[in-house]
Amino acid sequence: MAWFILLIAGLFEIGWAVGLKYTEGFSRLVPSVLTVAAMIISLALLGLALRTLPVGTGYAVWTGVGAVGTAILGIVLLGESMEPMRLASIGLIVAGIVGLKLASPG
């Protein structure tokens, strides 16, 4: 269950990271409120997951899910670069997440 909670926390991290772009420096009310809400939910869920998971593993997976998801949404939504080295680097992060999952109990 902790891994599922951690995945959801990572999805909310993606939400707030991408949301930051739409807040325009926290000058737009609705995107700012949604972004802050996503931050709070993401951190709360990370805290729940860390009750069971090792902190190093949990934090690395949380940031990895956030980084990969944010990079992918940057490509899809914001037209960011899809150069091969960038995609390979994203793949390495995914490999790291999978490796941490395989090497961790639970």
Side-chain angles (χ1 to χ4, degrees):
M1 189 64 169
W3 281 99
F4 178 72
I5 292 170
L6 186 60
L7 175 64
I8 301 302
L11 295 176
F12 275 97
E13 185 188 7
I14 296 165
W16 72 256
V18 173
L20 284 173
K21 181 74 171 174
Y22 295 99
T23 68
E24 295 180 12
F26 291 99
S27 65
R28 296 179 63 213
L29 180 61
V30 172
S32 296
V33 169
L34 293 174
T35 297
V36 170
M39 288 175 176
I40 293 167
I41 293 167
S42 180
L43 285 171
L45 291 173
L46 174 62
L48 287 175
L50 292 181
R51 286 180 168 175
T52 307
L53 298 173
V55 68
T57 299
Y59 184 75
V61 170
W62 178 69
T63 58
V65 169
V68 169
T70 302
I72 291 170
L73 285 181
I75 291 167
V76 173
L77 297 177
L78 305 171
E80 295 178 1
S81 168
M82 284 183 39
E83 64 184 60
M85 185 61 137
R86 184 167 190 216
L87 296 177
S89 297
I90 292 169
L92 288 171
I93 297 170
V94 171
I97 293 168
V98 170
L100 285 169
K101 170 60 175 138
L102 294 174
S104 296

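Val61 and Ile97 get closest at one heavy-atom pair: CG1-CG2, 4.1 Å. Contact record, Leu87 with Met82: CD1-O, 3.4 Å, taken as the closest heavy-atom pair. The two residues Leu100 and Ala60 make their nearest non-hydrogen contact at CD1-CB, 3.6 Å. Counting all heavy atoms, side chain and backbone alike, Ala2 lies closest to Leu53 at CB-CG, 3.9 Å. Between Ala71 and Ile90, the shortest heavy-atom distance links the atoms CB-CD1, 3.6 Å. Between Ser27 and Ser32, the closest heavy-atom pair is N-OG, 4.2 Å.
Residues satisfying the side-chain hydrogen bond (donor to acceptor under 3.5 Å, both in side chains) test with Thr70, not counting sequence neighbours, are none. Residues forming a side-chain hydrogen bond (donor to acceptor under 3.5 Å, both in side chains) with Arg86 (at least two apart in sequence, or on another chain): Glu80.
Looking at heavy atoms from C-beta onward, Ile8 lies in side-chain contact with Phe12 at the 4.5 angstrom threshold. Residues Thr23 and Arg28 fail the side-chain proximity criterion, which asks for heavy atoms closer than 4.5 Å. Side-chain contact check for Leu78 versus Lys21: some heavy-atom pair is nearer than 4.5 Å.
For residues 27-58, the set of pairs meeting the ring-ring contact (aromatic ring centres under 6.0 Å, His included) definition, not counting sequence neighbours, is empty.
Grouping the Ile, Leu, Val, Met, Phe, Trp and Tyr side chains by contacts below 4.5 angstrom, directly or via other members, places Tyr22 with Leu11.
Listed by chain and number, the hydrophobic cluster partners of Met85 come to none, as no ILVMFWY side chain reaches under 4.5 Å of it. Alongside Met39, the hydrophobic cluster contains Trp16, Leu20, Phe26, Val36, Ile40 (criterion: ILVMFWY side chains under 4.5 Å).
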Distance-only donor-acceptor pairs under 3.5 Å for side chains of residues 42-52, two or more places apart:
from, atom 1, to, atom 2, distance (Å)
Ser42, OG, Ala9, O, 2.9
Ser42, OG, Trp62, NE1, 2.9

